[in-house]
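Below: the structure, in structure tokens.
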Number of protein chains: 2
Amino acid sequence: MTEHRGEPLGLRARKKIAAMERIQDAALDLFEARGFDAVTIEAVAEAAEVSPRTVYRYFGTKEMLVIWDEFDEVELSPLVDAFASSDPIDGLRQGLHLGFVNLEGEQLRRSKRRLRLVYGVPAVEATLALHAAAFSRRIAAHVAPVHGELRSHVLVHALVAGILGAMRHWTLNDFKESPIDLLDQALDVLQHGTGTPPDESERHE
Amino acid sequence: MTEHRGEPLGLRARKKIAAMERIQDAALDLFEARGFDAVTIEAVAEAAEVSPRTVYRYFGTKEMLVIWDEFDEVELSPLVDAFASSDPIDGLRQGLHLGFVNLEGEQLRRSKRRLRLVYGVPAVEATLALHAAAFSRRIAAHVAPVHGELRSHVLVHALVAGILGAMRHWTLNDFKESPIDLLDQALDVLQHGTGTPPDESERHE
DNA sequence: CTGCCATTTGTCAGTGACTGCCTATATGCT
DNA sequence: AGCATATAGGCAGTCACTGACAAATGGCAG
């Protein structure tokens with residue numbers, strides 16, 4: 001179907017991803033129909049025609065059934081480069097724009113279903129936050145030599161928080177606004193610092 | 001012992017807080033001795049001489065045994081005021097400084113124990129992140145009329161991320177640096193925006 | 001085509017967090 | 001003291017998650 005990245009994926013790996021997508025679809029269906037908490041792993045397994053043990057082997061936790069994304073293995077290097085420059089945001093903007101224009105059709109619909117569940121189920125949002133934090137830490141560690149340790153961590157975490165904030169806003173407003181615009185706005189806030197009001201009408205200093 | 005805030009606390013409330021502190025102490029002891037995962041709620045209950053059911057009633061979840069803090073009911077209004085001003089950070093700085101100078105002696109030691117566990121156990125950190133996010137959202141909702149919805153959320157979440165980042169850094173470096181300095185530095189990063197390098201020696205623009 | 005090996009999937013039994021329900025007990029108030 | 005109410009404990013059950021072992025599947029050499 002989608003040609004993930006032209007990368008040399010083994011036959012086995014493809015089958016596994018296909019199975020995971022089938023299981024995730026079944027899970028999303030059930031979660032949307034009955035609510036996350038009211039669905040047991042056993043029910044998901046049954047719907048996807050695998051054993052519960054297999055679901056656990058693939059996804060590890062129930063929350064991961066929502067979070068998982070076949071692109072989970074993000075290329076780290078471009079992001080690290082973006083952050084390492086003296087102003088990280090513009091590079092980041094580029095990367096995110098690219099990520100979003102590549103998202104379309106079935107992919108996009110799937111992402112929206114997942115986002116609705118992420119921001120509708122606290123436990124899932126917490127898991128996502130945890131993963132985002134781990135990811136941020138990896139990046140911050142790479143960037144630390146350039147910006148300093150504390151600054152790097154604060155910067156990276158703030159930016160990730162901004163990105164997730166934009167996603168959250170996008171999701172909870174029914175995806176009406178352009179995600180790229182929202183991302184841009186969020187990054188603007190962080191780029192210009194907190195001292196600048198949104199427009200000229202509120203200046204005090 | 002500590003005179004929480006001179007507030008009109010009922011006798012009942014005091015006893016409950018005392019009991020919770022006793023249970024939390026027992027839990028922290030066990031978590032430090034054997035590791036968070038290796039301690040069952042039953043063991044905590046036994047050590048604190050209450051029933052497991054009572055531990056659940058008081059704390060709800062195992063993670064909360066670490067997270068809980070007798071000041072959890074934070075006064076919202078001063079923070080809201082801080083955020084609502086055109087530059088939220090300076091007000092925030094004041095509030096945090098006050099919070100930290102009030103932290104001393106037994107209080108401080110307890111906080112450090114808790115922080116070590118928070119940042120040493122992913123599950124606990126995730127729970128804290130969840131609570132911080134919920135808290136951020138409440139503040140952002142209050143602030144939205146002033147700064148706009150998206151901007152408010154991004155701002156508040158970034159600031160909270162910055163504060164937690166400073167705490168994390170403080171904790172994982174064995175509390176050697178001054179927490180107030182770290183907080184100041186973290187807030188500086190966010191206040192000035194991401195375009196400014198830490199010092200003059202790295203300018204690329 | 002067939003038997004062999006490795007990888008994958010399923011089965012089973014167990015642990016422990018967490019909840020609802022009901023009973024017992026303790027506490028504040030008159 | 002005596003009553004009403006809030007609070008602690010006991011009990012049974014659900015479900016996420018794990019480790020160990022058995023079954024099956026699929027690629028591959030002979």
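So you know, we letter chains A, B, ... as the sequences are listed, proteins then strands, and number each from 1.
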> Where the side chain of A:Lys62 is concerned, which of C:dC18, D:dA16, D:dG9 is the nearest nucleotide?
Replying inline: D:dA16

> So what does A:Tyr58 hit on the nucleic acid, given a heavy-atom distance under 4.0 Å: a base, only sugar-phosphate, or nothing?
Replying inline: sugar-phosphate

> CD of A:Glu63 versus C1' of D:dC17: gap in Å, rounded?
Replying inline: 11 Å

>> Measure NZ/A:Lys16 against C1'/C:dT7 and give the value in whole Å, please.
In response: 12 Å

> Expressed in angstrom and rounded to an integer, what is the separation of B:Phe36 atom CZ from C:dA17 atom P?
Replying inline: 9 Å

> C:dC18, D:dC11, D:dT18: which one has an atom nearest the side-chain heavy atoms of A:Arg53?
Replying inline: D:dT18

>> For Watson-Crick and G-U wobble pairs within 3.5 Å on both distances, what is DNA chain C written in dot-bracket notation, | included for inter-strand pairing?
In response: ||||||||||||||||||||||||||||||

> Under 4.0 Å between a Lys/Arg side-chain N and an Asp/Glu carboxylate O for B:Arg151 and A:Asp188?
Replying inline: no

>> I need the CZ-P distance between A:Phe59 and D:dT18, as an integer number of Å.
In response: 15 Å

>> Can you tell me which nucleotide in D:dC17, C:dT9, D:dC15 comes closest to the side chain of A:Thr40?
In response: D:dC15

> Choosing from C:dG10, D:dG9, D:dA16, which nucleotide comes nearest the side chain of B:Val50?
Replying inline: D:dG9

> Is a salt bridge present between B:Asp29 and B:Arg34, judged by a nitrogen-to-oxygen distance below 4.0 Å?
Replying inline: no

> Using a cut-off of 4.0 Å on non-hydrogen atoms, how would the nucleic acid contact of B:Val44 be classed: base, sugar-phosphate, or nothing?
Replying inline: nothing

>> Under 4.0 Å between a side-chain nitrogen and a carboxylate oxygen: does that hold for A:Arg93 and A:Asp90?
In response: yes

> So A:Lys112 and A:Asp174, salt bridge (charged side-chain N to carboxylate O under 4.0 Å, His left out) or not? Walk me through it.
Replying inline: CA-CA 9 Å; A:Lys112 287 181 179 177; A:Asp174 286 317; over 6 Å; no

> How close or far is atom P of C:dT15 from atom OH of A:Tyr56, stated in whole angstroms?
Replying inline: 17 Å

> Within the pair B:Ser51 and D:dA8, is there a side-chain N or O less than 4.0 Å away from OP1 or OP2?
Replying inline: no

> If you find the nucleotide of DNA chain D closest to A:Ile41 and the one closest to B:Arg57, which residue's nucleotide is nearer the 5' end?
Replying inline: B:Arg57

> So A:Phe31 and A:Phe36, would you call those rings parallel, tilted or perpendicular, with 30° and 60° as cut-offs?
Replying inline: tilted

> Is any side-chain nitrogen or oxygen of B:Lys15 closer than 4.0 Å to OP1 or OP2 of C:dT27?
Replying inline: yes

>> Any base atoms under 4.0 Å from A:Val39, or only sugar-phosphate, or nothing? Heavy atoms, all strands.
In response: sugar-phosphate

> Which listed nucleotide (C:dT19, C:dC18, C:dC12) is nearest to the side chain of B:Thr61?
Replying inline: C:dC18

> Are B:Asp25 and B:Arg110 close enough for a salt bridge, meaning some N to O gap below 4.0 Å?
Replying inline: yes

>> I need the CD-P distance between B:Glu46 and D:dG9, as an integer number of Å.
In response: 13 Å

>> If I compare all heavy atoms of B:Glu42 with all of B:Pro52, which pair ends up nearest, and what's the gap?
In response: CG-CG, 4.2 Å

> Expressed in angstrom and rounded to an integer, what is the separation of A:Ile17 atom CD1 from C:dT8 atom P?
Replying inline: 14 Å

> Do A:Arg168 and A:Glu125 sit within salt-bridge range, that is, some charged N less than 4.0 Å from a carboxylate O?
Replying inline: yes

> CD of B:Glu42 versus C1' of C:dA17: gap in Å, rounded?
Replying inline: 12 Å

